[in-house]
Amino acid sequence: MALMLEHEWTAWYDHARPGRTANDYEKTLHKYCVFNTIQTFWGTFYNMSALQTLPVKSGYHIMKSDAKPVWEDSKNRTGGIWQIRIRKDDGPLVWKELLMALVSD
């Protein structure tokens, strides 16, 4: 039996390229997958490349499915960004804990 999440989520991968400009940003975004159950969340999480293996300036964005990770999306106009400083070795655990908190509301 699938355990439904309150929202559907989309995971995006942002593949930064050397010399990328703000105007090129959307070209580097790739929809990774969509999930709406606890089971598909964990399947997504465990199939993502580890954070420490990603190229510099690349990363993941986890958004409610009706929002794209760009400021121009009307759903993001009043939004913001979280930035925290942690020890590099703590990154994978902090990422996992933040994602679990996010998708579980």
Side-chain angles (χ1 to χ4, degrees):
M1 179 172 102
L3 300 171
M4 301 300 292
L5 297 171
E6 185 171 339
H7 303 284
E8 183 174 83
W9 299 89
T10 300
W12 296 82
Y13 175 66
D14 173 10
H15 179 70
R17 296 187 178 113
R20 176 180 75 174
T21 66
N23 293 334
D24 294 333
Y25 172 73
E26 272 198 77
K27 295 175 190 169
T28 66
L29 282 175
H30 305 281
K31 189 182 281 190
Y32 184 74
C33 71
V34 175
F35 58 91
N36 64 357
T37 68
I38 292 172
Q39 293 87 338
T40 55
F41 163 73
W42 285 116
T44 299
F45 179 81
Y46 285 116
N47 283 291
M48 292 173 135
S49 296
L51 296 179
Q52 60 271 30
T53 66
L54 298 180
V56 174
K57 302 279 186 180
S58 294
Y60 295 112
H61 306 270
I62 309 299
M63 308 290 290
K64 286 185 180 175
S65 277
D66 58 346
K68 193 172 181 181
V70 296
W71 292 113
E72 294 79 13
D73 188 316
S74 62
K75 294 162 197 73
N76 300 330
R77 296 268 163 112
T78 59
I81 185 170
W82 290 354
Q83 290 184 333
I84 58 174
R85 293 191 186 274
I86 58 172
R87 290 179 334 142
K88 191 172 188 175
D89 292 344
D90 293 335
L93 178 60
V94 170
W95 174 241
K96 179 180 175 182
E97 295 289 326
L98 284 172
L99 284 181
M100 288 191 309
L102 175 73
V103 303
S104 68
D105 281 327

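In what follows, residues are counted from 1 in the order of the sequence shown.
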- Full working for ring-ring contact (aromatic ring centres under 6.0 Å, His included) between Phe35 and Phe41: CA-CA 6 Å; Phe35 58 91; Phe41 163 73; 5.7 Å; yes
Test side chain to side chain contact (heavy atoms under 4.5 Å, CB included) on Ile84 and Val94 and set out the steps.
CA-CA 10 Å; Ile84 58 174; Val94 170; 3.8 Å; yes
* Between Leu3 and Thr37, is a side chain to side chain contact (heavy atoms under 4.5 Å, CB included) present by the stated rule, with each step listed? -> CA-CA 5 Å; Leu3 300 171; Thr37 68; 5.8 Å; no
task: Take Glu26 and Lys68 through the side chain to side chain contact (heavy atoms under 4.5 Å, CB included) test and state the conclusion after the steps.
output: CA-CA 10 Å; Glu26 272 198 77; Lys68 193 172 181 181; 2.9 Å; yes
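Taking NE2 of His7 as the reference point, atom CG of Asp66 lies at 9.5 Å (rounded to 0.5 Å). Distance check: Glu97 CD to Leu102 CG gives 13.0 Å after rounding to the nearest 0.5 Å. Atom OH of Tyr32 and atom OG of Ser49 lie 6.5 Å apart (nearest 0.5 Å). Atom CD in Glu8 sits 13.5 Å away from atom CE in Met63 (nearest 0.5 Å). Summarising the geometry, atom CG belonging to Leu29 is positioned 11.5 Å from atom CG belonging to Asp24; distances are rounded to the nearest 0.5 Å. To the nearest 0.5 Å, the span separating CD1 on Ile62 from NZ on Lys64 amounts to 14.0 Å.
A donor-acceptor distance shorter than 3.5 angstrom exists from the side chain of Asn47 to the backbone of Gly43, with no hydrogens or angles considered. Here the side chain of Ser104 pairs a donor or acceptor atom with the backbone of Met100 at under 3.5 angstrom. Side-chain N or O atoms of Ser58 include one that pairs as donor or acceptor with a backbone N or O of Ala16 at under 3.5 Å. Looking at Gln39, its side chain does come within 3.5 Å of a backbone N or O of Met1 through a donor-acceptor pair. No donor-acceptor pair under 3.5 Å is formed between the side chain of Asn76 and the backbone N or O of Ala67.
Enclosure of atom NZ in Lys57 is not indicated, since only 12 or fewer non-hydrogen atoms of other residues, nucleotides or ligands lie within 6.0 angstrom.
Using a 30° and 60° split on the angle between ring planes, Tyr13 and Tyr60 fall in the tilted class, from 30° to 60°. Taking the six-membered ring where the residue is Trp, Phe45 and Trp42 present perpendicular rings, their angle passing 60° and hence far from 30°.
For the salt bridge (Lys or Arg N to Asp or Glu O under 4.0 Å) test with Asp14, the passing option among Lys27, Lys31, Arg20 is Arg20; the others fail.
Cluster annotation: Leu54 is connected to Tyr46 through the hydrophobic network of ILVMFWY side chains, with a link wherever side-chain heavy atoms come within less than 4.5 Å. In this structure, Leu99 is not a member of the same hydrophobic cluster as Trp12, with clusters built from ILVMFWY side-chain heavy atoms closer than 4.5 Å. Residues Met48 and Val56 do not share a hydrophobic cluster, clusters being chains of Ile/Leu/Val/Met/Phe/Trp/Tyr side chains in contact below 4.5 Å.
Inter-residue side-chain proximity for Trp9 and Val34 is flagged as unmet; no heavy-atom pair is nearer than 4.5 Å.
Residues Ile86 and Gly91 approach most closely at CD1-CA, 3.5 Å, considering heavy atoms. Listed here is the closest heavy atom pair of Thr53 and Ala50: OG1-O, 2.7 Å.
Looking at Arg77 and Glu72, no side-chain N of the basic residue comes within less than 4.0 Å of a carboxylate O on the acidic one, giving no salt bridge.
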